[in-house]
Amino acid sequence: MSRNIAVLGKGSLFTAVCRFLRERGFAPLTLEQLADHDVCAVVDVNPGVDGQKRQQLQLAEARISPQTPIYTSTLHRTATEIASWLSVPERVVGFSPLGLEQFPVLEVACPLQAEEVKGWDQHLRLAESWGKQVERVGDQPGLVFPRILSLLVNEAAFALSEGISSKEEIDTAMKKGTNFPFGPLEWADRVGIEQIAAVLEGMQREWGDDRYRPAPLLKKMIYAGYVGIAAGRGFYHYQDAKLGG
Amino acid sequence: MKSEGLRIQRPAVIGAGTMGMGIVEVLAGNGFSVQVVELSQDLFNDALQKMDKRLLRRVEKGKMAAREREEILGRIRYVPAINNLDQVDLVIEAVVENLAVKQEVFKDLGACTSPDTILASNTSSLSITGIAAKTTRPERVLGLHFFNPVPRMALVEVVAGMATSPALVEAVSEWIRTLGKEPVKVKDVPGFLVNRVARPFHTEAYRIVQEGTAGKAQVDRIIRSAGFKMGPFELQDLIGIDINYAASVSVYEGYFHDPRFRPHFVQQRMVESGALGRKTGKGHYSYES
């Protein structure tokens with residue numbers, strides 16, 4: 001079986017996924033390389049806020065066999081919605097690309113179109129072969145961890161813009177007062193502000209609940225290109241810009 | 001902002017509950033003689049005995065010298081009422097979380113202490129501005145929100161009410177650092193900083209479970225995998241589900257029902273059922289001793 005995996009997306013998350021796959025003996029390929037290579041899977045990390053995700057997934061699907069699983073980031077849209085764009089929806093595995101290199105757990109979701117399809121579980125073998133403890137959760141934007149993280153970041157962003165404390169104090173307070181491993185603002189810089197906003201907007205869209213309304217500061221940071229470590233600037237400044245990790 | 005170069009010499013603590021005695025332990029452990037006001041000598045003795053048990057355990061484990069324990073105990077003095085406080089320069093109030101009760105305490109403190117005395121409240125949820133307004137010197141009133149267990153948690157939120165002197169906030173923050181604690185200056189908003197920003201960690205976890213996205217144990221596993229020491233449900237069992245619910249309701253009410261802070265009815269059901277966490281032997285998980 002082929003060890004090639006087509007990776008769709010861009011930015012630091014794309015780089016991280018390619019590095020992760022290479023370390024496990026897989027060869028990441030671009031969409032363009034799909035034309036003359038077989039692949040055992042497609043891994044798509046586009047958050048899906050714009051039309052790129054749909055376009056790339058449809059292009060990829062036209063170039064792979066009907067059995068090939070497609071892992072797709074469900075940070076912004078449900079696996080069910082993404083699957084609805086494809087001609088073989090039951091091959092779709094929703095997943096969270098956050099912390100792929102660090103976390104022992106991989107969160108996955110099954111689209112509604114595949115819920116009664118026997119054999120969908122077979123698609124999870126790939127993630128298990130990466131050494132992941134696979135947790136199958138319900139199909140919601142942001143799954144579990146990205147959703148909770150995004151809400152923590154959102155609240156911290158509101159608190160910062162309201163001038164309740166400085167950014168350093170907010171991060172210190174959450175680490176020392178509640179034992180968070182990182183402050184929410186520094187964590188957002190690592191993950192990428194656009195990923196955080198994607199989860200919030202996805203939840204707001206699917207649930208119609210103001211609870212998920214992104215802080216205007218997050219949106220402004222995206223307009224300004226201050227999207228985190230990879231951009232050299234997020235909530236904090238990073239001298240070593242364009243780390244790509 | 002230039003600091004006043006604060007010299008605290010005679011601190012006092014009002015209320016010998018868990019938080020009050022935790023603060024007393026930190027102060028006495030840093031060499032301060034502390035006056036402690038409690039409603040009766042019996043209540044104070046019980047509280048002191050509990051604290052001494054903790055100290056003894058540390059002595060037994062070799063983490064504290066026997067003499068240090070004696071010195072700490074020797075620095076703690078019972079005072080029957082606020083008007084018996086003797087020349088205090090800082091008072092930290094840690095009585096029950098009830099605005100009317102705290103306002104009464106601050107009214108008395110304002111009347112019985114010198115105009116320079118700094119008056120602090122360890123409230124986790126009430127408005128410092130509202131408490132300060134009952135004294136004749138709101139500029140000398142601030143919040144000092146310690147976290148439970150006080151001897152182990154480094155963070156202290158230093159809360160400025162609307163009238164609090166900014167220089168005082170700076171000076172007290174610096175002094176907090178000399179106790180080996182980490183001060184964070186925050187504005188007087190509902191839940192202050194930590195209780196507000198941490199709210200979704202708990203309330204969103206309830207939604208995720210209730211809507212059928214994941215099970216409780218699954219949420220805890222996923223959150224631990226991301227680097228947290230504990231998932232939201234195991235953490236609530238440790239904190240007390242009732243305490244966590246009260247904090248949720250308080251922040252929600254404080255922001256006049258902003259949906260971001262909306263608690264979940266399952267929190268209330270858990271409290272109603274009496275499954276409050278480890279302290280009752282059952283919460284989200286069962287704890288058979």
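Computed over heavy atoms, backbone and side chain alike; hydrogens, waters and symmetry mates excluded. A, B, ... follow the sequence lines: proteins, then strands. Residue 1 opens every chain.
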Query - Side chain to side chain, B:E211 and A:W207, heavy atoms closer than 4.5 Å - result: yes
Requested in this report: Can you tell which part of A:Q140 gets under 4.5 Å to a heavy atom of chain B, answering side chain, backbone, both or neither?
Outcome: side chain
Requested in this report: State plainly whether the residues A:E162 and B:R196 are in salt-bridge range, i.e. N to O under 4.0 Å.
Outcome: yes
Report task. Output the distance between atom CZ (A:R147) and atom OG1 (B:T213), rounded to the nearest 0.5 Å. Result -> 5.5 Å
Report task. Side chain from CB out, backbone as N, CA, C, O: work out which of these in A:F158 comes under 4.5 Å of a heavy atom of chain B, or both, or neither. Result -> both
Requested in this report: Work out which heavy atom in A:D209 is nearest to a heavy atom in B:P259; give both atom names and the distance.
Outcome: OD1-CB, 4.1 Å
Report task. Find the distance between OG1 (A:T178) and CG (B:L155) and round it off to the nearest 0.5 Å. Result -> 8.5 Å
Requested in this report: Give, as side chain, backbone, both or neither, the part of B:I223 having an atom under 4.5 angstrom from any heavy atom of chain A.
Outcome: side chain
Report task. Flag yes if more than 12 heavy atoms outside A:E116 fall under 6.0 Å of its CD atom; otherwise flag no. Result -> no
Query - Heavy-atom pair count under 4.5 Å with chain A, highest-scoring of B:E204, B:R199, B:K229 - result: B:E204
**Report entry** Contacting moiety of B:F147, where chain A heavy atoms sit under 4.5 Å
**Finding:** side chain
Report task. For the residue pair A:F180 and B:F228, categorise the inter-ring angle as parallel (less than 30°), tilted (30 to 60°) or perpendicular (more than 60°). Result -> perpendicular
Query raised in the report: Do you know which of B:V219, B:V189, B:V184 has the most heavy-atom pairs with chain A at a distance under 4.5 angstrom?
Result: B:V184
**Report entry** Options B:A160, B:A198, B:P232, ranked by heavy-atom pairs under 4.5 Å with chain A, top entry
**Finding:** B:A198
Report task. Taking the side chain as every heavy atom from C-beta outward, state whether A:N179 and B:L235 have any pair of such atoms under 4.5 Å apart. Result -> no
**Report entry** Shortest non-hydrogen contact between B:K185 and A:S165, atoms and distance
**Finding:** O-OG, 2.7 Å
Report summary line: Residue from A:I164, A:L151, A:L152 scoring the most non-hydrogen pairs under 4.5 Å with chain B is A:I164
Query raised in the report: Is any side-chain heavy atom of A:R213 less than 4.5 Å from a side-chain heavy atom of B:R260?
Result: yes
Report task. Report yes if some heavy atom in the side chain of B:I208 is under 4.5 Å from a heavy atom in the side chain of A:I148; otherwise report no. Result -> yes
Query raised in the report: B:I222 and A:F145: which non-hydrogen atoms are nearest, and at how many Å?
Result: CG2-CB, 3.8 Å
Report summary line: Of all heavy-atom pairs linking B:A226 and A:F103, the shortest is CA-CE2, 3.6 Å
Report task. Would you mind telling me which of A:R136, A:E107, A:E155, A:Q102 has the largest number of heavy-atom pairs within less than 4.5 Å of chain B? Result -> A:E155
Query raised in the report: Taking all non-hydrogen atoms of both residues, which atom of B:L193 and which atom of A:E169 are closest, and how far apart?
Result: CD2-O, 4.1 Å
Requested in this report: Would you indicate whether the side-chain heavy atoms of B:Q218 and A:V137 approach each other to under 4.5 Å?
Outcome: yes
Query - Neighbour count above 12 (heavy atom, 6.0 Å) for A:K176 NZ - result: no
Report task. Below 4.5 Å from any heavy atom of chain A, which atoms of B:V194 appear? Answer side chain, backbone, both or neither. Result -> both
